[in-house]
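Read through the structure below, which is laid out as structure tokens, and then see the notes.
Keep in mind it's a predicted model, so treat the numbers as computed, not measured. Values below: all heavy atoms of this structure, side chains included; hydrogens, waters and symmetry mates excluded.
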Amino acid sequence: MSAAATHGAREPEGYTRQEMMAIATGREIKDREIAIFGVGLSMLAGFFAQAHHAPNVRAMTEGGVFGSSPVGGLPWGIECNRISTNATSFTSALDALGCLVGSGRCDVGIIGAAQVDKFGNVNTTGIWDGEIGPTYRAPKTRLTGAGGANDIACGAKRYLIMVAHEPKRFTEKVTYISSPGYLEGGNARARFGFVGGGPSAIVTTLGILRPDPVSKEFALDGWYEFSSADEVVAATGWPLKVRPGAGIVPPPTAGELVSLRRVDETGALRKR
Amino acid sequence: MSAAATHGAREPEGYTRQEMMAIATGREIKDREIAIFGVGLSMLAGFFAQAHHAPNVRAMTEGGVFGSSPVGGLPWGIECNRISTNATSFTSALDALGCLVGSGRCDVGIIGAAQVDKFGNVNTTGIWDGEIGPTYRAPKTRLTGAGGANDIACGAKRYLIMVAHEPKRFTEKVTYISSPGYLEGGNARARFGFVGGGPSAIVTTLGILRPDPVSKEFALDGWYEFSSADEVVAATGWPLKVRPGAGIVPPPTAGELVSLRRVDETGALRKR
Amino acid sequence: MPDHKLISLSDAVRRFARDGMIYASGAALPIGSDAIVFGREMVRQGVRDLHTIFHCNTQQLNLLAANGNATRAECGFSGLEVFGFANGLRRAVETGTMALEDYSNLSIPLRYLGGALNWPFVPATVNIGSDLQDRSAFAPQENPSRSKIAMVTDPFTGRQIGAFRPLQPDVAAIHVTFADPMGNAIMLGTEWSRFELSRAAKRVVLIADAIVDPACIRQYPNLVRIPELVVEAVVYWPFGAWPASSPGMYDVDEEHMRAMNTALGTAEGTADYVRDYVSSWHDIDSWLAMIGHDRLAKLEASTTSFLADPYRKWILTAAEVAAIQAEGGLS
Amino acid sequence: MPDHKLISLSDAVRRFARDGMIYASGAALPIGSDAIVFGREMVRQGVRDLHTIFHCNTQQLNLLAANGNATRAECGFSGLEVFGFANGLRRAVETGTMALEDYSNLSIPLRYLGGALNWPFVPATVNIGSDLQDRSAFAPQENPSRSKIAMVTDPFTGRQIGAFRPLQPDVAAIHVTFADPMGNAIMLGTEWSRFELSRAAKRVVLIADAIVDPACIRQYPNLVRIPELVVEAVVYWPFGAWPASSPGMYDVDEEHMRAMNTALGTAEGTADYVRDYVSSWHDIDSWLAMIGHDRLAKLEASTTSFLADPYRKWILTAAEVAAIQAEGGLS
């Protein structure tokens, strides 16, 4: 995910782009919320929030690991021993993703994306050469599939998409919708009766995009001290609008960096 | 359930009518079967079978108590401590009645009845003065409701009905179907796609009734050494047919009585 | 977020119980793990017009029905197992003071599951084809009823099956063996439908026989089938299921089961029962004294006691629980 | 009924695996509790044309796909979490040797639940409205597909929701931490979907890290989420999930996870992997020797070890297990 550097952006000093993305994501999580984090970046962002400003966030994993925080570094996986060491409850995927997420009870989820489009639809399934066409065919490059992200996208009250900001990832329309954002925009989600509210932000290595309240098209809401509106627009594969009032997202505070790095024990986000 | 005595029948010697009914029911259970027993009489009949001729019967309760046999006497209830003392697994009603019974996986269940009709439909819900009528109304005498018996009646491969043989209990048509037998007879169950096969026998304090293979009407298949075909017919509220080959059900063997009384530690079945 | 969720029984009822609410409990078979002490307190505080959901009737529903606190009930089973018919419930149903909607012991947990998953309906392959489907005490004019258990077409085969209405009770009082002060809970014995109910209900109040140190929870996370995330409050109340049993902790009180059921058979008996066993205590000590210490000792001498042994070293004393409860907690 | 259900790994595959069967496993997230040793043995015995169901891909499916044993797969997730894309699966999908039908991490357990309950369909409020519904690798001409995830009308409100097809796999190999010789099993760590799968599958084979005395089972019946009633056979195989982790028993082998995934990225690498790690051992001792005793000791030094402590006193030695296995058993 270091490809953002290829757009000629400055590197920040004293922290990395990945750290900025994790912190910006974590800021979206409020204290006391019920939250579900995936593995990797999203888990770091979530546990950063817990360590920093949301000590009472009630986090669970897709596998139904409750009350836990990672021990010994970033977990290798959701059911990993690093997150099984200090749990208060182990249940199941049906419980976590069904009773607590699919039900609409979970306040916030964090998911990743290989591709995301202007309505926040996410593709994590594959990369095709062109459109798939009327007959389904295997992708040229097979990715990981939907995992729990589809369930979070349908059920969580809101969710955050974390993604490295590169033009090939930000596309007018994703080839395959693994996890629904606002579909064709507007009220399209209502057709399927999703209990979840949809994506509230796309947080990237260059800035933060938020949906228009009516059209649901994502527009630029903020960039970082090391990036710019022009740079974000250039790195986005659709004509990105800039929201009124958009501006610079505050850089990490010293306290935020300390909290994040305590969680990111093995320095996964510090690798440039 | 001692009302059978009012029909002028002889009392057996050396055992009670209730014991005969429990033994006759238990004989219907084969070794290695997956079985579900309710509380009270049906549990005694089931555990008698396990103690006597079906040591590897795999019994569970409606609450998902597995691998257990009662300790200290007849359990007070399905979740009772007397059956929780030596269990190998405790799960849930959804598991036992759903995954193992409603699914069609359970071989045999035993249920009781306040009223049963000629197609093996069971009423355990209430006694009304006459028909209920087009508008539902509370019964004159409220009984216990369906419990798990409806689920057993719909899902178990076959089930046994245990009931004291009295005319008021054996009626042409039950007022309320709590647990479906063969409904209006013939193929009527197929309308609802029940995975279970229906009642294979009605075992009473006077004899054993079995369904006609086609019409599904229950007819007399056997009586006990202390009863008679005439007595059973007289105690039945519909014109009871007698199956070809019907005859005397063998009385309890000494071994059967020993096994039953080991299970019926508190002598619940010996009270006349 | 509070640093603990311990709350007194009277505060729990004051905080969570409302006239007319949909209240679920008795989340065990009739004889075990009845959160009845919550029902006793609702009687004390005069909560009215309850729409109750009891997977099986228990002495709690028997009392709420007998005393007129419950005007509606939905049950899978409405007896008292070997203790016979539930006389209070029976009287309320037969006299028309409580409407009883009949389901089965599988359909109630399926409806909780559907509520937990927030489904609009739950597939039904049981209860259909019987009067459990065709008759409705809540919609008595319907004959056959289809608003209670509807029919739905399987889109894969065209086959018709039934559809249950999911349940999302306003409040559930759930009896558990152990809870930590935050509400992480361990049940011994069958769960019956307590897992599903804990996710289906909008608010969950635990009634715990004992409070354990959180270290117990972290040693046995696979036993913690109810995590604090779904729990609003924890009431520490020893023998809270009495006269029902709590596997590992105490046996059923056979004598009181019978005496109570006899009393609830009449209005006078019910008034006497309320006077003697509902209004006669004001805290845990007077509650235990009312049951009687000899009797408690006898009930505790259960053959299931060994089931609780692994956890005993973490059980907090009543004084320790009171000390935690006195500080912080729910705002 | 046998007096135990212990069986060797090779006998288990010989007895239960069939070409073309619907095989479910990987009943945990990619990194944990993978019953992969059953998959290794299927590769040894050349089981072909498997239709696999993996809630999540694991190294087991990665191997079965890379080596050509699986021609169909249904998954909720098909990566390896922090170990990246699953190269063997990826190669099989991209070259068309394995058709991969995509679901999500909730829809697979819901489909197991539907299979366990023997429902004709399962209500779907997720996966609808996305290409998980509209595109089908098993019915590629359908656009949008409705044979994979259909639509059904809620009879209570008229609202349209989705409908999943239930799963009833022919055989499931399920990894558990402890089992007694009859097949009563305890899992430490998240169950993921092992509970639902154990009821949905027609035949269940347990792969147990350790065999415990039945006294352990009777002490902790609430932990026994898989009772023997649903189990056909028990395979004792220490480190059976390696290189995945087993909470309480051992950590993930990070180095082997990466090396294995690299190897499975090519046909040559896969052949080498099979030679070195699938065909190179013939019993438990040679299996453990292959992994290496230093490495085993390192993996066993898990921060989760305390989770297994309450049960260690009941763990049978390899010799004790072998002695039981030698007598009686499955006929």
Side-chain angles (χ1 to χ4, degrees), chain C residues 106 109-110 113-114 116-126 146-166 176-178 185-191 194-196 215-216 218-225 247-248 304 306-311 313, chain D residues 106 109-110 113-114 116-126 146-166 176-178 185-191 194-196 215-216 218-225 247-248 304 306-311 313:
Chain C
L106 175 56
L110 286 174
L113 179 72
L117 292 165
N118 206 6
W119 285 349
F121 69 93
V122 182
T125 60
V126 299
R146 288 295 179 266
S147 73
K148 176 186 178 187
I149 302 173
M151 297 304 282
V152 65
T153 303
D154 169 24
F156 297 115
T157 64
R159 169 186 162 197
Q160 287 261 310
I161 62 166
F164 294 123
R165 285 184 185 276
V176 298
T177 320
F178 305 118
I186 291 174
M187 297 171 275
L188 300 181
T190 158
E191 294 178 358
R194 289 176 281 178
F195 178 88
E196 293 83 11
C216 178
R218 296 204 185 261
Q219 179 64 66
Y220 292 104
N222 279 96
L223 280 176
V224 180
R225 298 276 297 160
T304 62
F306 76 97
L307 291 173
D309 287 345
Y311 322 102
K313 66 177 171 183
Chain D
L106 175 56
L110 285 174
L113 179 71
L117 293 166
N118 206 9
W119 284 350
F121 70 93
V122 182
T125 58
V126 299
R146 287 295 179 268
S147 73
K148 177 187 176 184
I149 302 173
M151 297 304 284
V152 65
T153 303
D154 169 25
F156 297 115
T157 63
R159 168 187 162 195
Q160 288 262 307
I161 62 163
F164 294 123
R165 284 184 186 276
V176 299
T177 319
F178 306 118
I186 292 174
M187 297 172 275
L188 301 181
T190 157
E191 294 178 358
R194 290 176 282 179
F195 177 88
E196 293 83 12
C216 178
R218 294 202 187 264
Q219 179 63 65
Y220 292 104
N222 278 97
L223 280 177
V224 180
R225 297 276 296 159
T304 62
F306 76 97
L307 291 172
D309 287 345
Y311 323 103
K313 66 177 170 182

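- For Leu113(C), the part lying under 4.5 angstrom from a heavy atom of chain D is the side chain only.
- For Leu110(C), the part lying near chain D is the side chain, with the backbone staying farther off; criterion is any non-hydrogen pair under 4.5 Å.
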Task: Chi angles and distances behind the side chain to side chain contact (heavy atoms under 4.5 Å, CB included) call for Cys216(C), Lys313(C) - done: CA-CA 9 Å; Cys216(C) 178; Lys313(C) 66 177 171 183; over 6 Å; no
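- Residue Gly248(D) comes nearest to Leu307(D) through the heavy atom pair CA-CB, 4.2 Å, listed as atom of the first residue, atom of the second, then distance.
- Under a 3.5 Å cut-off, the side chain of Asn222(D) and the backbone N or O of Gly189(C) do form a donor-acceptor pair.
- Proximity to chain C (any heavy atom under 4.5 Å) is restricted, for Phe156(D), to the side chain, taken from C-beta onward.
- Chain C forms more heavy-atom pairs under 4.5 Å with one residue of Ala150(D), Pro123(D), Pro310(D), Pro221(D) than with any other, namely Pro123(D).
- Heavy atoms of Phe121(C) lying under 4.5 Å from chain D belong to its backbone as well as its side chain.
- At a 4.5 Å heavy-atom cutoff, the contact between Thr125(C) and chain D is made by side-chain atoms alone.
- The shortest heavy-atom contact between Val122(C) and Pro166(C) is CG2-CG, 4.1 Å.
- Interface residue Ile161(C): only side-chain heavy atoms are found under 4.5 Å from chain D.
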TODO: Show your reasoning for whether side chain to side chain contact (heavy atoms under 4.5 Å, CB included) applies to Leu188(C) and Phe178(C).
DONE: CA-CA 9 Å; Leu188(C) 300 181; Phe178(C) 305 118; 3.9 Å; yes
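- Between Tyr220(C) and Tyr311(D), the ring planes are perpendicular. Angles over 60° get that label, and only those under 30° would be called parallel.
- Contacts between Arg218(C) and chain D at a heavy-atom distance below 4.5 Å involve the backbone alone (N, CA, C, O).
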Task: Audit row: Ile186(D), Val176(D), side chain to side chain contact (heavy atoms under 4.5 Å, CB included) steps and yes/no - done: CA-CA 6 Å; Ile186(D) 292 174; Val176(D) 299; over 6 Å; no
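- Heavy atoms closer than 4.5 Å to chain D are found in the backbone of Phe164(C), but not in its side chain.
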